[in-house]
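Here the structure is laid out as structure tokens; the discussion comes afterwards.
For this chain, numbers begin at 1 and follow the sequence in order. Whatever order the structure lists them in is the order used to number ligands and atoms, beginning at 1.
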Amino acid sequence: MTTFNDFGLHADINRALAAKDYTQPTPIQTQAIPPLMKGRDLCGIAQTGTGKTAGFSLPSIHHLLTYPHRANPRGCRMLVLAPTRELAAQIAQSCRDYGRFTKLSVTTVFGGVPINKQIRELSSGVDILVATPGRLLDLIDQRALRLDDVEIFVLDEADQMMDMGFIHSLRRIAKLLPSRRQNLFFSATMPKEIAHLAEQFLEDPVTVSVTPQATTAEKIRQFTTFVEQKEKQALLHHVIQTSDIDRALIFTRTKHGADRVVRHLKGAGIEAFAIHGNKSQAQRTTALQAFRSGQVRLLVATDIAARGIDVSGVSHVINFEIPNVPEQYVHRIGRTARAGAEGMAISFVAPDERTYLRDIERVTRIKSEPMALPEGFNELVRNLPKPAAPPRDTGSKGRNPQRQRDEAAGGRGEGGRGNGQPRGDRGPRRDGGPAGEGADGQRKRRFRPRNKSVGAHKGAVKRVG
Ligand code: AMP
């Protein structure tokens, strides 16, 4: 069995791994680290939760330590691009953790926060820069950053980058990179257009894949309940109250939808936070910290905001609305069952979402288990408590669509797709909800009672035994 010692990583990295209590490399690490140590380009098909961040950062840190030299002013030796600021912050934190016994500098740049501090941090050069594409280009345009010294280039979550409309930014960035460099390209899914993008970045790459294309994690039990859109909130309350939830991520398609769910939960005395592109960075950080620490066990999120959320112990993902892009479903449920744990996904499917469900099941090749509405559901619907009043300051960053886009993505002008909504999800809502409100996600849901015997029978949401 492969151990971390087999990779020949720098001693300072092995120390950091020991400090983190990593004993066994994950499959993506076992496959990716040896070719990366030899300097090969790599195309990795892996979801978050597989350990891919360590898979690419450990050999990269090894390289930076093996060939030590100072980064040039306004330059960086390793550049990691990520689609969202949450993911960028998380990758940077991992790099800091893995490099904690070294002197390597790690800097993050993304939009939604003042640029001047970032300009100052870059002025003397950094070893590892983790960035979202829009802010990166801003900094380049302001001559605060140059990419001609990049030795290692990592493109993470390429499929999400494409969905968010970053393709033009990526092409621009690619032209600014030196021709001699090592390239790493990661994507949870590899449809043709992503494979084509990969070809443009990679040279003779090793391809590693830890899950078959668009296959959902095996450890996630997936359930579906058919329910009218307007009755979903009552079902959500029931599921929350009767299930053994450690932490649940609840997905809505739109930012306003996420706020609405939170207000309804609050009205029923259930504490929850929302995280989406209209929230300020401080609010997003607070919500994530509360969720991470267990202070709040329900986080209502849109797809974009949820990218890069790495919180262990997410027992349930609840798709309040399901996505119409199957790959998005894969991303969503990848938020649970992380690092080998088990998880549950529950999708609330309204009549007009059934075709989306069929698409998802076709792509994932997994048929979710039906979960019946609980007994007395009509009563629950009738007695649904009124939602809490909207707070005066909702944390909205204003109605400027450009700004909202930047906030969602963590950068400036993050491509032409506008609201960060995945392709194909731009039409008006069929459920009568607000159209074109900057929907930055689709729908999805799931969660799991710890008891595995939850099944298709009436009242199945209840934990049994
Ligand atoms: P990632 O897919 O990179 O987002 O990683 C998912 C989670 O797995 C993170 O919380 C990592 O800290 C954790 N992780 C990564 N590699 C290992 C490992 N070899 N052993 C235990 N946990 C790991």
So if I count the atoms of ligand 1 from 1 in the order they appear, which ones are less than 4.0 Å from some heavy atom of [X]?
{"X": "T53", "value": "1 (P), 3 (O), 4 (O)"}
{"X": "T50", "value": "2 (O)"}
{"X": "Q24", "value": "18 (C), 19 (N), 20 (N)"}
{"X": "K52", "value": "1 (P), 2 (O), 3 (O)"}
{"X": "F4", "value": "19 (N)"}

Check: G51 N/O within less than 3.5 Å of ligand 1 N/O: yes
For [X] and [Y], which I'm curious about, is there any donor-acceptor pair between the side chains at under 3.5 Å?
{"X": "Q283", "Y": "H276", "value": "no"}
{"X": "N72", "Y": "R74", "value": "no"}
{"X": "Y329", "Y": "Q222", "value": "yes"}
{"X": "Q200", "Y": "H196", "value": "yes"}

For Q29, which part has a heavy atom under 4.0 Å from ligand 1: side chain, backbone, both, or neither?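 Only the side chain of Q29 comes within reach of ligand 1.
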On a heavy-atom basis, I'd like to know which of F186, Y98, Y22 is closest to atom 14 (N) of ligand 1. Y22
Determine which pairs satisfy side-chain hydrogen bond (donor to acceptor under 3.5 Å, both in side chains) with at least one residue from residues 109-122, sequence neighbours left out, and list them in order. K117-E121, Q118-R135
How about F201 and F153: are their ring centroids closer than 6.0 Å? yes
